[in-house]
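Note that the numbering runs from 1 along the sequence shown for the chain.
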Amino acid sequence: QVQLAESGGGLVQAGGSLRLSCIASGNIFAINAMGWYRQAPGKQREFVAAWSSGGDTNYADSVSGRFTISRDYPAKRVYLQMNSLKPEDTAVYFCAADRLSVGVGVKIDYWGQGTQVTVSS
């Protein structure tokens with residue numbers, strides 16, 4: 001089994017920055033891809049950014065150019081640097097890990113508990 005622990009959420013003004021962290025524990029050798037999703041109140045969970053096992057990154061159009069995903073692959077840690085935050089970025093952000101891939105429409109193997117990000121206008 002794999003456990004994911006997120007940290008780094010909080011309250012920030014529009015235009016500000018936050019950095020989220022996710023650390024995997026347990027059977028981390030099962031993980032080949034990691035990334036982030038978010039869920040705003042009343043909306044479905046949506047893909048934000050991910051690393052593939054091959055080293056490629058992928059971003060949602062809504063965050064491309066503002067958010068940067070990075071990782072420590074051997075340690076199975078992933079980070080999300082969020083700059084130029086907007087009120088519409090307000091959501092619970094979830095770390096995701098999978099044996100194969102992380103992205104749009106993927107059935108994810110492991111989820112974190114989520115961390116709240118609130119951007120005030």
Side-chain angles (χ1 to χ4, degrees):
Q1 193 58 276
V2 171
Q3 295 79 43
L4 302 174
E6 304 105 330
S7 61
L11 172 64
V12 65
Q13 288 188 332
S17 299
L18 283 173
R19 185 173 186 256
L20 305 183
S21 300
C22 174
I23 300 174
S25 60
N27 186 23
I28 65 172
F29 299 105
I31 299 171
N32 287 296
M34 296 184 74
W36 295 91
Y37 292 73
R38 68 186 181 186
Q39 187 166 16
K43 295 187 177 182
Q44 290 189 335
R45 192 172 298 187
E46 64 176 5
F47 170 76
V48 175
W51 274 101
S52 73
S53 59
D56 299 325
T57 57
N58 189 25
Y59 295 92
D61 290 343
S62 59
V63 306
S64 182
R66 299 188 297 122
F67 291 9
T68 302
I69 189 169
S70 59
R71 68 176 183 174
D72 178 350
Y73 184 70
K76 300 305 191 301
R77 299 181 179 189
V78 66
Y79 309 94
L80 187 68
Q81 178 67 42
M82 304 184 295
N83 298 329
S84 302
L85 282 161
K86 305 175 181 180
E88 52 263 43
D89 294 318
T90 295
V92 177
Y93 284 70
F94 296 90
C95 180
D98 196 87
R99 290 165 292 173
L100 295 177
S101 66
V102 172
V104 177
V106 174
K107 187 178 184 297
I108 298 297
D109 290 329
Y110 309 107
W111 290 102
Q113 293 296 311
T115 183
Q116 177 70 47
V117 171
T118 303
V119 184
S120 63
S121 59

If you round to the nearest 0.5 Å, how far is CH2 of Trp51 from CG of Asp72?
-> 11.5 Å
Value for CZ (Arg38) from CD (Gln44), rounded to nearest 0.5 Å, stands at 14.0 Å
Sort out for me which residue in Val117, Val63, Val119 forms a side-chain contact (heavy atoms from CB on, under 4.5 Å) with Met82.
-> Val117
Donor-acceptor pair, side chain of Asn32 and main chain of Leu100, under 3.5 angstrom | no
Closest heavy-atom contact between Ser21 and Trp36?
-> O-CH2, 3.6 Å
Do Leu85 and Phe67 have side chains that get closer than 4.5 Å, going by heavy atoms?
-> yes
Can you find a pair of side-chain heavy atoms, one from Gln81 and one from Ser17, that are under 4.5 Å apart?
-> yes
Any donor-acceptor N/O pair, Gln1 side chain to Gly26 backbone, under 3.5 Å = no
State whether the side chain of Arg66 and the backbone N or O of Ser84 hold a donor-acceptor pair below 3.5 Å, judged by distance alone.
-> yes
Tell me, which pairs form a disulfide (SG to SG under 2.5 Å) where one or both residues lie in residues 35-87, sequence neighbours left out?
-> none
Are Tyr79 and Leu4 joined in one hydrophobic group, where the rule is that I, L, V, M, F, W and Y side chains link up if heavy atoms are under 4.5 Å apart?
-> no
Kindly check if the number of other-residue, nucleotide or ligand heavy atoms within 6.0 Å of CZ (Arg71) is above 12?
-> yes
Should we count CD of Glu46 as having more than 12 external heavy atoms under 6.0 Å?
-> yes
Would you find a donor on one side and an acceptor on the other, under 3.5 Å apart, between the side chain of Asp109 and the backbone of Arg99?
-> yes
When rounded to the nearest 0.5 Å, the distance separating NZ of Lys86 from OG of Ser121 is 14.0 Å
Between CD1 of Ile23 and CE of Met34, what distance do you get to the nearest 0.5 Å?
-> 9.5 Å
Under 4.5 Å side-chain linkage, directly or through intermediates, the cluster mates of Trp111 = Tyr37, Phe47, Val92, Phe94, Val102, Val104, Val106, Ile108
Sequence neighbours excluded - disulfide (SG to SG under 2.5 Å) pairs with any residue from residues 41-121 | Cys22-Cys95
Which pairs, with at least one residue in residues 23-93 and sequence neighbours excluded, count as a disulfide (SG to SG under 2.5 Å)?
-> none
Across all chains, not counting sequence neighbours, the salt bridge (Lys or Arg N to Asp or Glu O under 4.0 Å) partners of Glu88 are none
Residues forming a salt bridge (Lys or Arg N to Asp or Glu O under 4.0 Å) with Arg19, sequence neighbours excluded | none
For the residue pair Gln113 and Glu6, what are the closest heavy atoms and their distance?
-> N-OE1, 3.1 Å
